Structures are given as structure tokens and as C-alpha cells.
Amino acid sequence: MRKFLTRSLAVSAVALVALSVAACGGSDRNDSGTGSNPSGAAKGFAKDALIGVALPSKTSENWVLAGDLFTNGLKDAGFKSDVQYAGASTTVADQQSQISAMITKGAKVIVIGATDAAQLGTQVKQAKDAGAVVIAYDRLITGTKDLDYYVAFDNFKVGQLQGQALLDGMKAKKPTGPYTIELFSGSPDDNNAGVFFKGAMDVLQPEIDKGNVIVGSGQKDVKQTAIQGWKAEGAQARMDSIMTSTYAAGGKTLDGVLSPNDTLARAIITSVKAAGKPVPVVTGQDSEVESVKSIMAGEQYSTINKDTRKLVAQTIKMVQALQTGGEPEINDTKSYDNGSKVVPSYLLAPVIVTKANAAEAYANDPKLAPLTK
Ligand code: BGC
């Protein structure tokens, strides 16, 4: 949504922040629910309160890691925790009932990695009505004014880094264009998918306009490029059909593929190889073990390091601030308009990783560092 706010909306958001800051001045910030306290947070809560964490299904390694880190980190911070994953198929209904159960159990903060950005308004309102604070984790929740905070890596930046890596990788292999590429995006029910794609197109579109980059299949619209549920098999099937329609014998040569994450990147590479063609430059995201191995072996070109340990730690810091009745630290008040409000956010910086900087990028990651030796 970033950069797509209208100017007047951006201005009124600034005015709103100024107003709420003014309203806080000189008085007890936490004395009247949604009035003087912008988050609507309770006036602090017990040090061992229950914190709910509702995560989506395990579509990538980062979600598996996040669950363990929340369970251990919240325990170490003295809280009780209830960490749940949505199931693999009935994800939306699962997550909705998990959140409702957390509210019933009296959770004071509910951290949500949404399965479907637009389907949680009722549960977020229920949480708010019960006095709980809701933090959207990694994925924004849309269409609700009751969402309190958002904590994530800078998703637009992730997309820009992917777009730039694709251009750089192709140029390194073939100094002059034009380059023929294909575009993939993530699940349409995940708000991040559209933001990653916009970030990437922010870099790629000028090159497409100049004729330096050509989308071989002609499929440029985010709807044509989307992969429902971030499923590897969906990406593989789409790539299979593009290989047949556009890159079969006598067809074009594929130079690069914009892939929004590592799971899809590996599926795309599998498809190209099955078609008997050389592996093009393929981007990714998440620093998954198999993709880091592939990068070191010279197959996948790039990934993004979004250190889940940092994102979970930042979220737990927010919970701790709320526990004492304070306001969590935020560093962005303009990028994430969820359709009902601009959500106060804490955004972390993503890092692009290729074979060239992998050792440095993962130096502090005991799982990934050995793979780069
Ligand atoms: C996350 C990505 C992840 C994708 C699929 C997105 O919302 O930001 O890191 O690859 O979901 O799980």
C-alpha cells in the first residue's frame, strides 16, 4: 500500500498522529481505553498473563521457526502462551476459531500472522471488545479499525530488492539485453503478496517500458501471476504450462524469473529443468535451507534474509511494553493503510542474499552459516 496512499490521506494520517500525540501530552495516556491511548490498550496487565499467537499454516520455514521462538521467548519473558497454527486446508475457519478461543481464555495480547488478510475483522473486534491488544505479525490484517499494531519486515523493500536482484543476476550472465522474464506473485489472500509484487514492479516496470525487459508469456497482471496458498505445486504447474506455451523448442529463451519466495523458486527451477532448459536467474525470499544450498550450488540466484529471530524478538518487546502499560515502539506511521486505518508499524530491514554475500549475511545464523563454508 506504501506509496499508494493519496496525498490527502497521507496528510490526514500525519494530522491524526499529531492529534493523538497532542492528546497524550500531559495526561495519563492509558486512562480511557480508545480515547487518549491510541492503541486502546489495557492499563498494563499481569506479568504472567496469557499471550495468544495465531500463525497461518506452515507454508514456509519461517512460520515453523516463529512458532518455536514465540513459545520459548514468551516463556522466558514470564508470560503464558498459546501458540496455534491454522491447519493445511480449512485455514481461515481454523484461525478464526483459534483466535476466538484465545479471547475466551483471557489473552491480553493476540499476535496474528493472518491466513487471509480480509477475513479476521470479526475476531479482531471481539479481541478489542474484550480489552486485548491485537498485533498483526508479518502479514497485515485489512478492513478493520480495531487492529492496534503491525510488525513486519519492510515488504515493499523486499519486492524492490527482488526486482533489482533479478536485473543484476541477468546482467551478470549476459551483459546486454533485452532480457526475457516471467513474473510470479504470492497468494492473493495474503496482503504481503501484492506489496512484494508492487515493490518488484517499481524496479522492473521502467525496464519493461524501455524494452530492456520482456515478459515472455505476456502475463504481467498480478492476478495472472498469483499462486493461491503459496503452494509449490501451483507454481510448478503454472511454470510447466508457460514452458510449453512460450519456451518449447523454437520458442524464446528464458533469462529470469521473479519468484516471491524460496518455496516457489525451487518449484519453478524444478519445472524449468523438467522441460530440459537451462536454469534462469530466479529470485526468492526467506533463506530456506534448501534454497541457501541451491544458491551456494549456483542454481537459485538470490533470496532475502528476514531473520525470524529478530521479528519475534521485536514482537515480544512490544508485548512487554504493553504489559507495563506503556506504548510499544513504532517506526512507521504511514506505509500500511489497511483500508480502515493507517496501522502504526514497526518495520525491520530485509537483506538481499546471493552467493557473493551469503557467508557474511548468515555469519550469525548457526543453522545457515555452515552451508556457506
Ligand atoms: C511471508 C513470506 C513467506 C510467505 C509464504 C509471506 O506472508 O512474508 O516470508 O514466504 O508468506 O509463507
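Both ligands and their constituent atoms are indexed starting at 1 by order of listing. The structure presented is a predicted model; accordingly, all values stated were derived computationally and were not measured.
- Close contacts between ligand 1 and K306 involve ligand atoms 1 (C), 2 (C), 8 (O), 9 (O) [criterion: under 4.0 Å to a heavy atom].
- Residues Q236 and D240 bring no donor and acceptor atom of their side chains to less than 3.5 Å of each other.
- Heavy atoms only, all atoms of each residue included: S60 and T263 are closest at CB-OG1, 4.1 Å.
- A salt bridge links K125 with D129: the closest approach of a Lys/Arg side-chain nitrogen to an acidic carboxylate oxygen falls below 4.0 angstrom.
- Looking from atom 10 (O) of ligand 1 to the surrounding protein, the closest heavy atom is D286 OD2, 2.5 Å.
- In terms of protein heavy atoms, atom 6 (C) of ligand 1 is closest to D190 OD2, 3.2 Å.
- Remark: ligand 1 and N155 share no N or O pair separated by less than 3.5 Å (distance only, no angle test).
- Ring planes of Y336 and Y150: perpendicular class, angle over 60° (limits at 30 and 60°).
- Residue contact check: R139 has heavy atoms under 4.0 Å from atoms 4 (C), 5 (C), 6 (C), 7 (O), 11 (O), 12 (O) of ligand 1.
- Residue S60 approaches ligand 1 through these ligand atoms, each under 4.0 Å from one of its heavy atoms: 3 (C), 5 (C), 10 (O), 12 (O).
- Counting heavy atoms under 4.0 Å from ligand 1, residue D262 does not touch it at all.
- Protein heavy atom in closest approach to atom 4 (C) of ligand 1: W230 CE2, 3.6 Å.
- Within the structure, ligand 1 lacks F153 among the residues with a heavy atom less than 4.0 angstrom away.
- Side chains of D94 and Q98: no donor on one and acceptor on the other come within 3.5 Å.
- Of the possible donor and acceptor atoms, one in the side chain of R238 sits under 3.5 Å from a partner among the backbone N and O of Q224.
- Under a 4.0 Å criterion applied to the non-hydrogen atoms of F196, ligand 1 contributes the atoms 8 (O).
- If you chain together hydrophobic residues whose side chains sit under 4.5 Å apart, W63 and V151 fall into the same group.
- Here I141 contributes atom CD1 and T115 contributes atom OG1; the two are 9.5 Å apart, rounded to the nearest 0.5 Å.
- Residue D138 has at least one heavy-atom neighbour below 4.0 Å for each of these atoms of ligand 1: 1 (C), 6 (C), 7 (O), 8 (O).
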